[in-house]
Amino acid sequence: MGRGKLRIYLGAAPGVGKTYAMLSEAHRRVERGTDCVVAFVEHHHRPRTEVMLHGLEQVPRKHLDYRGSAFTEMDVDAVLLRAPAVALVDELAHTNVPGSRNAKRWQDVEELLAAGIDVVSTVNIQHLESLGDVVESITGVRQRETVPDEVVRRADQIELVDMSPQALRRRMAHGNIYKSDKVDAALSNYFRPGNLTALRELALLWVADRVDEYLTEYRSEHRVSKIWGSRERIVVGLTGGPEGRTLIRRAARLAEKGAGGEVMAVYIARSDGLTSASPKELAVQRTLVEDLGGTFHHVVGDDIPVALLDFARGVNATQIVLGSSRRKTWQYVFGPGVGATVARESGADLDVHIVTHDEVAKGRGLPVARGARLGRSRIIWGWVVGVGGPVVLALLLNTIDLGLANDMLLFLTVTVAAALLGGLFPALASAAFGSLLLNYFYTPPLHRLTIADPKNIVAIAIFVGVAVSVASVVDLAARRTHQAARLRAESEILSFLAGSVLRGETSLEALLERVRETFGMESVALLERAGDVDPWTCAGSVGPRSPKRPEDADVDMPVGDHMALALSGRVLPASDRRVLAAFAAQAAVVLDRQRLQHEADQAKELAEGNRIRTALLAAVSHDLRTPLAAIKAAVSSLRSDDVAWSEEDQAELLEAIEEGADRLDHLVGNLLDMSRLQTGTVTPLIREIDLDEVVPMALGGVPEDSAELDIPETLPMVAVDPGLLERAVANLVENAVKYSPTDEPVLVSASAMANRVEVRVVDRGPGVPDEAKDRIFAPFQRYGDAPRGAGVGLGLAVARGFAEAMGGTLNAEDTPGGGLTMVLTVRAVDSLPDLATATAERQAS
């Protein structure tokens, strides 16, 4: 049985109609005869959504009890037993109640897909894990329920359910989303027009990027080279000159005019030496384009226009931005320039913008040679001059008599010109052909290939020697120019590799993508194996259809004995393998660094665990032994037959036993809580409650007159886990009571501030200096001379851990007049769209 297919309805906010669209799709499939069931759909008492459930088979839910409350979750076993063709599963990012089969609902969905069941689900854009910080900066609410981006990206179909902010607010005002008593709070907080517009933009851009990935895969699989202008992609051609900043800013303005515009700056290192690029200037331009939201690319190409157009078509660009030439007028004799060539060769699918700048016509150095050594056109002209020049000269000299010496100088001039243009072989041909013409027409006896005067033999020999020498010098100069340009391009690439090391760039995929761009390949993979006979495994790859073995690649570069860099796309010349070897070595270093970092992280976790275990043993050996010893002493005294205890004495011993047991229970509870926090198994069950339902219960562990309570009735409800909040406040109060004077009760107060509620625990103790305020929240830390019975130093660490697990904060401040104030901040219900089921961010439409 194959894997099931996943279809996701993606929305920008609660209420846009995701669940309604999913149920409509279910009715369409049922009408077509598809076996479709409702595995879990939450209608949130919305009449229209509830009506859509009629006529659909619903799998009974699983009932769970947690902390005295009853909850229902999707019954994965029941769905698997029912084995439908399609299952509807709402709220993909939902966190299951502790005790469920999986911690997250998307993990339940993975099981259904693995069993061959197609799944249709829903999710809001704010629940994507990578967008958590962005959503928090927009709405002020940290999303506690998230789903990994990769889970959504792997979906076979993603459909955007869109609605304008104005229409969504009208739905809210009409009571189609929340109950009437929550509409005003929602409209003035989470559902503000600005919030909804920003979330909508996030959803549209995310879906557009996903569609772009599909398009890129399709073009690659079908080898489509023609540009499809599905979105504006603007390529900026950089020379490394100062005009690059102007071009980048102009391209950014062009991109802003089109939705989803993208800017890609590309610097092409050519092998003919035509570059005045400053590494410092290129670094500035790289920073500028990245700050403007674009990307920087470095490509090697012998022919600048061809390389630029190939890159633009490879990334499906729609526009190219180039600067006006910096050449002076006379320098155009060397060719039309990159801009004119690109504009001529771009075709109808690419728009080319030539942008003016301050450096226009101010001049720049031009290459002495083009292409491979001298270039094809110069070699052709060299042969034309070398073969045709002597013939034309002979025809001219037949009409006038200048003497043999002058004739030889003129033929030598033609040979030198052929050498300067075409190099060695055209010059040799010109020397040989010219010497024959000199001998035949101008050396006695005339019109015969013999020489009567020995002096003329010496003269012709000198002529041939000079011609060959000049041609050799020109050819050697061309070789050295080509080699210098090649080494310059290689040094730029090696400089980039060295810079990536200094910048701490450790992404293997980014490095492999750079290799693919630099050498113009389709795919690149880093392969490794454990031994000579073991199969190859892929440590990282980019591009479609990456090679699985070095033998399958067009180019492979060994890295040590059991690693190789494999490239597919074309065969590289031998001269490129030196740079490729540097890339391969860097890839191996990056891979080793990633693995060492992973091992270091694991070692850090182990070290932290060892520290916790060591501290735990110390706590068990001292702090836990003290109450046990007191309990044992009291019990032994009561059991003793040697002493007749009075009722008052017995009551006192029993009280000591009870106090020791309470202390022991408190210490063990803190140890267990810290263990849960360290292992990440604390899963808060967020509910909306009033503070006065929880905070008074947190004072039960301290003497009656040691704390005062000030909780106004006008406070908004808060979104918390009641059990975790009670434990956090209890630890704070107990800590404050321990350090406060006996005649100064601890004050526990609460107040509302914007979309938050603060619980303040104020004591009049010795206080804590600023440099130690963060340290007191570390596990097994006690500041200064802790009073007797202060515990193992876990109370504040547990309190902060529980606060952060609920999306809140816990910080220490100085009490005016002396002492310490603990400020516990939690979310108010008014700051969320709805909290009737866990958290409001996972509301489904």
Side-chain angles (χ1 to χ4, degrees), residues 4-61 72 74 79 82-94 105-106 108-109 112-113 117-128 147 151-152 154-178 191 196 199-200 203-204 206-208 210-211 214 833-834 837 841-845:
K5 296 185 180 297
L6 175 61
R7 177 170 183 166
I8 293 177
Y9 287 94
L10 177 69
V16 295
K18 302 180 301 300
T19 304
Y20 191 92
M22 178 178 67
L23 294 174
S24 298
E25 173 66 18
H27 281 287
R28 286 191 293 271
R29 297 197 182 197
V30 170
E31 291 174 359
R32 295 196 299 264
T34 304
D35 182 15
C36 182
V37 302
V38 175
F40 188 96
V41 169
E42 188 63 64
H43 56 72
H44 297 296
H45 304 292
R46 298 169 187 168
R48 295 184 179 180
T49 306
E50 191 172 0
V51 169
M52 293 297 294
L53 285 169
H54 297 167
L56 297 176
E57 178 186 348
Q58 300 187 45
V59 177
R61 300 184 183 184
T72 60
M74 180 176 65
V79 178
R82 172 63 175 77
V86 180
L88 307 185
V89 182
D90 207 2
E91 301 176 351
L92 186 63
H94 169 77
R105 185 164 291 165
W106 64 264
D108 297 336
V109 169
L112 300 183
L113 295 173
I117 300 173
D118 293 346
V119 176
V120 183
S121 188
T122 64
V123 71
N124 280 330
I125 191 66
Q126 63 264 35
H127 294 302
L128 295 184
V147 58
V151 173
V152 182
R154 287 201 307 264
D156 299 276
Q157 296 182 59
I158 300 176
E159 183 171 334
L160 178 66
V161 182
D162 189 31
M163 180 177 290
S164 68
Q166 294 77 13
L168 185 56
R169 285 172 59 84
R170 282 197 300 270
R171 288 195 64 195
M172 174 71 69
H174 293 160
N176 295 330
I177 302 178
Y178 298 141
F191 282 79
L196 296 178
L199 292 173
R200 187 187 188 198
L204 291 171
W206 194 90
V207 173
R210 181 60 179 148
V211 172
Y214 283 134
D834 193 358
T837 58
E841 299 81 18
R842 74 177 188 225
Q843 287 289 340
S845 309

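Once rounded to the nearest 0.5 Å, the distance linking CE of Met22 with CD of Glu159 reads 12.0 Å. Taking CD of Gln166 as the start and CZ of Arg171 as the end, the distance is 14.5 Å to the nearest 0.5 Å. To the nearest 0.5 angstrom, Arg28 atom CZ is 4.5 Å from Glu25 atom CD.
Here the closest heavy-atom approach between residue Lys5 and residue Asp156 is recorded as CA-OD2, 3.2 Å. When all heavy atoms are compared, the tightest approach of Val79 to Pro84 is O-CD, 3.5 Å. Among all heavy-atom pairs drawn from Arg200 and Pro165, the shortest one is NH1-CD, 3.9 Å. Nearest heavy atoms, Ile125 versus Leu199: CG2-O, 3.8 Å. Across Ala83 and Ile117, no two heavy atoms sit closer than the pair CA-CD1, 4.2 Å.
Test Leu23, Val59, Val37 against Leu88 for side chain to side chain contact (heavy atoms under 4.5 Å, CB included) and you get one pass: Leu23.
Side-chain atoms of Thr122 come within 3.5 Å of backbone atoms of Glu91 as a donor-acceptor pair (strictly under, hydrogens ignored). A donor-acceptor distance shorter than 3.5 angstrom exists from the side chain of Arg105 to the backbone of Asp90, with no hydrogens or angles considered. In terms of modelled atom types and a separation under 3.5 Å, the side chain of Thr34 and the main chain of Val30 share no donor-acceptor contact. Panel note: side chain Asp118, backbone Gly4; no donor-acceptor pair is recorded below 3.5 Å.
Annotation: Arg48, atom CZ; neighbour count of heavy atoms from other residues, nucleotides and ligands within 6.0 Å does not exceed 12.
Looking at Trp106 and His94, their side chains never come closer than 4.5 Å, going by heavy atoms from C-beta outward. Between Met52 and His27, some side-chain heavy-atom pair lies under the 4.5 Å cut-off. Residues Trp206 and Ile158 meet the side-chain proximity criterion, which asks for heavy atoms closer than 4.5 Å.
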